[in-house]
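These numbers come from a predicted model, not from an experiment. Throughout, a chain's letter reflects where its sequence line sits, starting with A, and its residues are numbered from 1.
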2 protein chains.
Amino acid sequence: MSRSNPRVLSTLERAGGFASAQEVYRLMQREGESIGLTTVYRALQSLVNDKIVDVLRREDGEAIYRLCGEAHHHHLVCKSCGDTVEIEGGAIEKWAKVMAEEHGFREVGHTAEIFGLCGKC
Amino acid sequence: MSRSNPRVLSTLERAGGFASAQEVYRLMQREGESIGLTTVYRALQSLVNDKIVDVLRREDGEAIYRLCGEAHHHHLVCKSCGDTVEIEGGAIEKWAKVMAEEHGFREVGHTAEIFGLCGKC
DNA sequence: GCAGAAATGAAAATGATTTTCATTCCCATA
DNA sequence: TATGGGAATGAAAATCATTTTCATTTCTGC
């Protein structure tokens with residue numbers, strides 16, 4: 001069931017490891033690759049499931065996909081230029097664990113993003 | 001030019017200070033208010049411009065509007081039954097601030113959610 | 001070679017958001 | 001009180017990312 005199409009992955013890499021589904025699709029088109037938009041979406045979703053890429057949101061709501069290392073980390077995103085910095089989340093891990101225990105939750109995960117204006121913007 | 005319709009604002013307040021445009025609209029409909037969806041969108045945008053409300057994104061990309069003054073809190077969500085607990089995020093606030101400073105970001109906000117299985121599930 | 005499963009992609013559907021545009025409301029001034 | 005113009009309103013159409021449908025093609029193991 002692995003729909004993690006390698007051509008899509010390699011295109012995402014070539015795009016700087018950071019692009020929307022539409023961008024990946026247009027890039028592949030421009031490069032003469034024959035692929036359908038549907039397949040690009042499916043491949044990206046699959047890559048997200050396999051935790052090979054992360055998905056974030058642009059300010060306009062468009063999903064952007066981003067290659068990421070295996071280590072669990074968080075993002076500091078510039079809301080103007082989209083620049084992203086991967087940051088350490090030790091404090092969050094602990095917070096999530098404590099909060100979950102306190103309320104009797106198990107098998108917990110979490111998301112946390114910080115957004116603002118970067119130095120250049 | 002102030003399109004910050006007070007009925008929209010008061011509905012957003014009644015919704016717990018946290019809702020999407022569509023939800024605000026549906027809520028107003030249900031309460032018998034006569035208003036157009038377009039106006040709801042315009043009013044919310046206007047409130048954002050006036051910095052009376054914040055805008056965030058749900059995981060599916062839908063924009064959600066939040067009253068600025070509201071005590072900022074986070075959520076612990078059960079991924080099985082959807083039960084939600086509002087939790088304190090003091091640790092997160094500090095983490096976000098430190099991380100932002102460290103990387104030269106300003107005007108920062110953040111999102112953080114914890115999800116897992118609640119005691120009943 | 002062949003059946004059945006998985007992958008593919010074109011086209012249609014969906015759903016949030018925005019735009020268009022004609023109408024209505026408000027309000028200051030003649 | 002009439003009136004003229006700018007602002008507000010909302011229905012309907014347009015936009016755009018994303019998902020679904022479904023028919024077709026490609027793989028796989030036998």
Side-chain angles (χ1 to χ4, degrees), chain A residues 1-12 15-67 77 79-80 82 84 111 113 115, chain B residues 1-12 15-67 82 111:
Chain A
M1 216 237 270
S2 171
R3 284 158 149 171
S4 305
N5 190 312
R7 289 186 298 152
V8 170
L9 177 55
S10 109
T11 304
L12 183 58
F18 196 89
S20 73
Q22 302 281 345
E23 286 164 359
V24 168
Y25 175 66
R26 284 195 289 270
L27 190 52
M28 293 181 80
Q29 294 267 296
R30 225 176 296 134
E31 291 175 352
E33 293 246 34
S34 162
I35 195 165
L37 181 55
T38 314
T39 303
V40 171
Y41 273 103
R42 279 195 285 237
L44 288 171
Q45 259 164 340
S46 183
L47 288 164
V48 169
N49 285 344
D50 297 351
K51 304 203 194 295
I52 296 169
V53 313
D54 257 357
V55 57
L56 300 178
R57 293 271 165 189
R58 288 231 174 87
E59 233 179 289
D60 67 353
E62 189 176 1
I64 46 182
Y65 301 84
R66 172 172 221 291
L67 284 176
V77 187
K79 51 188 169 187
S80 170
T84 302
T111 59
E113 311 287 344
F115 43 89
Chain B
M1 215 237 272
S2 170
R3 286 160 148 170
S4 304
N5 190 314
R7 291 187 296 152
V8 169
L9 177 54
S10 110
T11 304
L12 182 58
F18 199 86
S20 72
Q22 303 280 344
E23 284 164 359
V24 168
Y25 175 66
R26 284 195 289 268
L27 192 50
M28 294 182 80
Q29 294 266 297
R30 225 177 296 134
E31 290 175 352
E33 294 246 34
S34 162
I35 197 166
L37 182 56
T38 314
T39 303
V40 172
Y41 272 104
R42 278 195 285 238
L44 287 171
Q45 257 163 343
S46 183
L47 288 164
V48 169
N49 286 344
D50 298 350
K51 303 206 194 292
I52 295 168
V53 313
D54 260 357
V55 57
L56 300 178
R57 292 272 166 190
R58 288 230 175 88
E59 227 170 289
D60 67 353
E62 189 177 2
I64 47 183
Y65 301 85
R66 182 184 69 187
L67 284 178
T111 58

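You'll find that the side chain of B:Ile35 is closest to D:dG10, out of C:dG9, D:dG10, C:dA7. Comparing C:dT8, D:dT18, C:dA16 against the side chain of A:Arg3 picks out C:dT8 as the nearest.
Put simply, the side chain of B:Val24 does not reach to within 4.5 Å of the side chain of B:Tyr65, judged on heavy atoms. Residues B:Val8 and B:Met28 are in side-chain contact: their nearest non-hydrogen atoms beyond the backbone lie under 4.5 Å apart. Put simply, the side chain of B:Leu67 reaches to within 4.5 Å of the side chain of B:Leu9, judged on heavy atoms.
Residue A:Gln22 is in base contact, counting any heavy-atom pair closer than 4.0 Å across all strands shown.
Scored by the salt bridge (Lys or Arg N to Asp or Glu O under 4.0 Å) test, A:Arg7 finds A:Glu33 as partners (sequence neighbours excluded).
Taking atom CG on B:Asp60 and atom C1' on D:dC16, their separation rounds to 15 Å, with Å as the unit. Atom-to-atom, CG of A:Leu56 to P of D:dA17 comes out at 18 Å; the value is rounded to the nearest Å. The nearest whole Å value for the distance from the CG atom in A:Asn5 to the C1' atom in D:dC27 is 15 Å.
Side-chain atoms of A:Thr38 and base atoms of C:dA10 include a donor and an acceptor less than 3.5 Å apart.
One finds no side-chain N or O of B:Thr39 lying less than 4.0 angstrom from the OP1 or OP2 phosphate oxygen of D:dT9. Of the side-chain N and O atoms in B:Gln45, one or more sit less than 4.0 angstrom from OP1 or OP2 of C:dT18. OP1 or OP2 of C:dT17 lies within a sub-4.0 Å distance of a side-chain N or O belonging to B:Tyr41.
Using a 4.0 Å cut-off between charged nitrogen and carboxylate oxygen, B:Asp54 and B:Arg66 count as a salt-bridge pair.
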Donor-acceptor pairs under 3.5 Å, side chain of residues 34-43 of chain B to any protein atom, not counting sequence neighbours: which ones?
from	atom 1	to	atom 2	distance (Å)
B:Tyr41	OH	B:Gln22	NE2	3.0

With Watson-Crick and G-U wobble geometry limited to distances under 3.5 Å, how should the secondary structure of DNA chain D be encoded in dot-bracket form, using | for bases paired to another strand and [ ] for crossing pairs?
||||||||||||||||||||||||||||||

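Heavy-atom nearest nucleotides on DNA chain D were determined for A:Arg42 and for A:Arg26, and the one closer to the 5' end corresponds to A:Arg26.
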